[in-house]
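Right, one structure below, let's go through it.
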Amino acid sequence: MEEQVRKRYQISDLIETAIRAREGAYCPYSGFAVGAALLAKDGSVYTGCNIENAAFSPSCCAERVAFFKAVSSGVTEFERIVVVGGKQGEDMVETTPCGVCLQVMLEFCDPDTFEVVSARTTGEYGVRRLTELLPYGFRLRD
C-alpha cells in the first residue's frame, strides 16, 4: 500500500510539471498545446512542449522535446512520461503520444515497464505501458 501512495504522489507531481511545461507551447496553427514531463531512472525530470512550424514537418511534439533534452544530456534510461494537452483556453483532454513519439520512446525504453501517463488533471489520468500503445514497434535490439 505504501508503494502505491508514493507512486501516485510521484505521478501527480509529474502531471503538475507537465502542465507548467505546456505553458511554453508554440502552437499558432493547431491551437492544441501539449506539455510533457519525462522521469529518468536517476530521478531527474525533463520537460517539453510542442513547437509548431508553418511547414508542419519541422514541428516537434512535447514528448520528443523532453526525450531529446534528456538524451542530449547523456540520460538514456527512463521510467515514465506524463503527457497533458488540449486546446488553448479549454479544459485538457486525454492526450496520448503520436506514433513517431512512441517510436522514439521505444528506442530508449523497455516497452514492458515504461509507463505513459495521459492526464486531464492531477486526479484524472490513465497509465499504459509502452507496449500497449505500440505493440509492434520497430526495434533493432530484438
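The side-chain contact (heavy atoms from CB on, under 4.5 Å) check on V127 picks up I11, E115, V117, Y125, with sequence neighbours excluded. For T131, the side-chain contact (heavy atoms from CB on, under 4.5 Å) criterion is met by P111, D112, R129, not counting sequence neighbours. Among residues two or more places apart in sequence or in another chain, the salt bridge (Lys or Arg N to Asp or Glu O under 4.0 Å) test is passed with R120 by E124. For T17, the side-chain hydrogen bond (donor to acceptor under 3.5 Å, both in side chains) partners two or more places apart in sequence, or in a different chain, are R20. Looking at residues two or more places apart in sequence or on another chain, you find a side-chain contact (heavy atoms from CB on, under 4.5 Å) between L102 and P97, M105, L130, L133, L134.
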Query raised in the report: Where do E63 and I81 land on the side chain to side chain contact (heavy atoms under 4.5 Å, CB included) test, with the steps shown first?
Result: CA-CA 8 Å; E63 301 91 328; I81 191 166; 3.9 Å; yes
Requested in this report: Let me see the working for C101 and R64 under side chain to side chain contact (heavy atoms under 4.5 Å, CB included), right down to the final yes or no.
Outcome: CA-CA 6 Å; C101 288; R64 281 183 281 148; 3.4 Å; yes
Report task. Could you give me the CA-CA distance, side-chain angles and deciding distance for L106 and F138, then say whether side chain to side chain contact (heavy atoms under 4.5 Å, CB included) is met? Result -> CA-CA 8 Å; L106 190 59; F138 183 75; 5.7 Å; no
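Listed for the R80 side chain is no donor-acceptor partner under 3.5 Å among the backbone atoms of V116. Distance alone, capped at 3.5 Å, places no donor-acceptor pair between the K69 side chain and the G48 backbone. Here the side chain of N50 pairs no donor or acceptor atom with the backbone of C27 at under 3.5 angstrom. Listed for the S73 side chain is no donor-acceptor partner under 3.5 Å among the backbone atoms of V75.
The minimum heavy-atom distance between A21 and C49, with the atom names listed, is O-CB, 3.3 Å. Between T121 and I15, the shortest heavy-atom contact is O-CD1, 3.7 Å.
Counting only heavy atoms from C-beta outward, the side chains of F67 and L38 approach each other to under 4.5 Å. The side-chain heavy atoms of V34 and V83, taken from C-beta on, include a pair separated by under 4.5 Å.
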Scan the side chains in residues 52-61 for donor-acceptor partners under 3.5 Å anywhere in the protein, sequence neighbours excluded, and list what turns up.
| unit_1 | atom_1 | unit_2 | atom_2 | d |
| --- | --- | --- | --- | --- |
| E52 | OE1 | Y29 | N | 3.0 |
| E52 | OE1 | S30 | N | 3.1 |
| E52 | OE2 | S30 | OG | 2.3 |
| N53 | OD1 | A55 | N | 2.8 |
| S59 | OG | N53 | N | 2.8 |
| S59 | OG | F56 | O | 3.0 |

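For residues 87-97, the pairs satisfying side chain to side chain donor-acceptor pair (under 3.5 Å) are E94-R128, with sequence neighbours left out. Screening residues 35-46 for side chain to side chain donor-acceptor pair (under 3.5 Å), with sequence neighbours left out, gives D42-S44.
Taken from CZ in F114 to CD in E77, the straight-line distance is 12.5 Å, to the nearest 0.5 Å. Interatomic distance, CG of D13 versus CG of L39, reported as 10.5 Å (0.5 Å rounding).
Transitive grouping of hydrophobic side chains (ILVMFWY, heavy atoms separated by less than 4.5 Å) keeps V65 and V100 in distinct clusters.
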